Amino acid sequence: MKANREIPRRTGLARALSKSGFCSRTQALGLVGEGRVRLNGSTTRNPEAPVRLGTDHIEVDGAPINAAKGIYLMLNKPGGLVTTRLDQKGRETIYSLLQDVEKWVAPVGRLDMASEGLLLLTNDSAWSARIASPETHIPKTYHVQINAVADQSHLDRLNRGIRSAGDLLVAKNATILRRGKRNSWLEIVLDEGKNRHIRRMLSELGIEVLRLVRVSIGTVVLGDLPKGKWRPLTDQEKETLAGENDSWGDGRPRPSNAEAPK
C-alpha cells in the first residue's frame, strides 16, 4: 500500500505573492496586471492563475521570488493615523512610521484612526490569520478614558453584554482603573472584536470615549514602547502568542500596564 503524499495546496497567483511575504495583495495585483510576473516560465496577467505553493516557480521582473524571512513587529500607534497603506482620503497612515522597515508588512487586525496603542504587523500571512481568527479568542486589553464617572452598574452592563445594531457586544472583563470628578479610566478586555466594539458598547450607555489605548494582545504587552515607535517581537512573544487560545487567563495573571496612560 502506497503512503499518502500531501498534495501542494493551490491558490491564486496574486495571493501566492502576498502569502510569500513578497508584497501586499494590492501590489501583487498591480505586478501581475503589468505583465511583470512569470509563472513556470510564462508571463501571465491573470491574478487568479492557479499556483501550487512550494512547487510552482514564480518570477517578478525576471528574478525568482523566495519566501521572505518572517518579520514580526509591534508598533505603538498614535491616534490620528489609519492602518491602511494608501488612504483614499489622503489621511496619514501608520506606514509613515515604518519607512525603515525593509520588507512589506501588514497589520494583524485593526485599530481605528482615533485609537492608540499596541498594533502587531507581519509579512507572515499564516501567523497573522492565526492571531486574528475569532476562533482563537486571544484576549485584547484596552485602557479607555470616558466622559463619565463609572460605577458598578456600568461594569455590570459591559460584562453582561449590550445590543447594538443587531450585535451582542460583550466585554470579557471590565474594571475601573481610576475615577475623577468628571471622567474615569476603565480597563476593558475583549476576546472577540466586532467593528468599533468598545465605542459602540459605551455609546449605547450614553458615554463618550475620550481616549482608547490597546495595552496588550494576549501575553504581549505594550509596556514602555514610545508612541510612534516599533520594535521586533521576541521569539518567545511570537511563539507564545501564536499558541494562545481561549484558556488564557485561567489561573494565569492577565497582563496589564500598572496604570492608565497619562
Side-chain angles (χ1 to χ4, degrees), residues 75-84 87-89 91 93-94 107-120 131-222 227 244-250 253-262:
L75 170 72
N76 186 349
K77 176 191 174 296
L81 302 182
V82 293
T83 58
T84 54
D87 182 65
Q88 294 180 344
K89 297 180 180 179
R91 296 170 295 184
T93 81
I94 58 167
V108 181
R110 300 284 178 182
L111 280 175
D112 64 41
M113 186 172 76
S115 298
E116 310 168 45
L118 178 58
L119 182 66
L120 300 177
I131 304 307
S133 171
E135 297 178 358
T136 60
H137 295 286
I138 294 176
K140 300 173 179 66
T141 303
Y142 300 82
H143 286 175
V144 187
Q145 186 184 31
I146 60 174
N147 71 337
V149 180
D151 58 29
Q152 189 60 45
S153 67
H154 294 120
L155 302 182
D156 290 343
R157 289 290 307 278
L158 294 172
N159 290 324
R160 190 165 59 243
I162 297 171
R163 288 280 178 187
S164 173
D167 292 326
L168 178 62
L169 306 175
V170 183
K172 180 174 182 176
N173 192 44
T175 56
I176 298 171
L177 290 171
R178 65 172 182 259
R179 286 182 287 204
K181 292 182 178 180
R182 297 182 179 179
N183 57 55
S184 309
W185 278 94
L186 305 178
E187 181 173 271
I188 298 177
V189 182
L190 303 180
D191 62 359
E192 60 178 0
K194 296 185 173 70
N195 184 42
R196 298 177 65 82
H197 193 127
I198 291 174
R199 296 181 189 277
R200 289 166 60 197
M201 278 197 300
L202 291 167
S203 177
E204 292 294 333
L205 299 180
I207 294 173
E208 180 185 356
V209 172
L210 303 178
R211 284 185 70 191
L212 190 154
V213 185
R214 185 157 63 196
V215 297
S216 70
I217 299 175
T219 53
V220 175
V221 180
L222 182 62
K227 188 177 294 186
E244 293 199 47
N245 55 39
D246 59 358
S247 66
W248 179 86
D250 296 340
R254 174 163 44 86
S256 169
N257 286 2
E259 58 182 65
K262 301 296 185 185

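The model shown is predicted, which means the values in this text are computed figures rather than measured ones. Every heavy atom of this structure was used, including side-chain atoms; hydrogens, water molecules and symmetry mates were not.
The minimum heavy-atom distance between Leu118 and Val220, with the atom names listed, is CD2-O, 3.5 Å. Summarising the geometry of Leu186 relative to Ile176, their closest heavy-atom pair is CD2-CG1, 3.9 Å, with the distance given to 0.1 Å. Among all heavy-atom pairs drawn from Leu205 and Arg157, the shortest one is CD2-NH1, 3.5 Å. Taking every heavy atom of both residues into account, Ala148 and Ile207 meet most closely at CB-CG1, 4.2 Å. Annotation for Leu111 and Gly117: closest pair CD1-O, 3.8 Å, computed over non-hydrogen atoms. Considering every non-hydrogen atom in both Leu202 and Val144, the closest pair reads CD1-CG1, 4.0 Å.
Residues satisfying the side-chain hydrogen bond (donor to acceptor under 3.5 Å, both in side chains) criterion with Arg179, sequence neighbours excluded, are absent altogether. Residues meeting the side-chain contact (heavy atoms from CB on, under 4.5 Å) test with Arg163, sequence neighbours left out: Leu168. In this view, Asn159 and Leu155, Ala171, Asn173, Ala174 satisfy the side-chain contact (heavy atoms from CB on, under 4.5 Å) rule, not counting sequence neighbours. Partners of Arg91 by salt bridge (charged side-chain N to carboxylate O under 4.0 Å, His left out), not counting sequence neighbours, listed by chain and number: Asp87. Applying the side-chain hydrogen bond (donor to acceptor under 3.5 Å, both in side chains) rule to Gln152 yields the partners Asp156; only residues at least two apart in sequence or on another chain are considered. For Ser133, the side-chain contact (heavy atoms from CB on, under 4.5 Å) partners at least two apart in sequence or on another chain are Glu135, Thr136. For Gln145, the side-chain hydrogen bond (donor to acceptor under 3.5 Å, both in side chains) criterion is met by no residue, not counting sequence neighbours. Listed by chain and residue number, nothing satisfies the side-chain hydrogen bond (donor to acceptor under 3.5 Å, both in side chains) test with His197 (two or more places apart in sequence, or in another chain).
Rounded to the nearest 0.5 angstrom, Thr141 OG1 and Leu222 CG are separated by 11.5 Å.
Counting only distance, with no hydrogens or angles, the side chain of Asp191 and the backbone of Lys172 share no donor-acceptor pair below 3.5 Å. Arg110 contributes a side-chain N or O that, together with a main-chain N or O of Thr83, makes up a donor-acceptor pair within less than 3.5 Å.
Residue pairs meeting the salt bridge (Lys or Arg N to Asp or Glu O under 4.0 Å) criterion with at least one partner in residues 193-204, sequence neighbours excluded, are Asp112-Arg196, Asp112-Arg199, Asp167-Arg200, Glu192-Lys194.
For the pairing with Glu116, the side-chain hydrogen bond (donor to acceptor under 3.5 Å, both in side chains) check across Lys77, His143, Lys227, Arg214 returns one residue only, Lys227. Exactly one of Val189, Ile198, Ile217, Val215 qualifies for a side chain to side chain contact (heavy atoms under 4.5 Å, CB included) with Lys140. That residue is Ile217.
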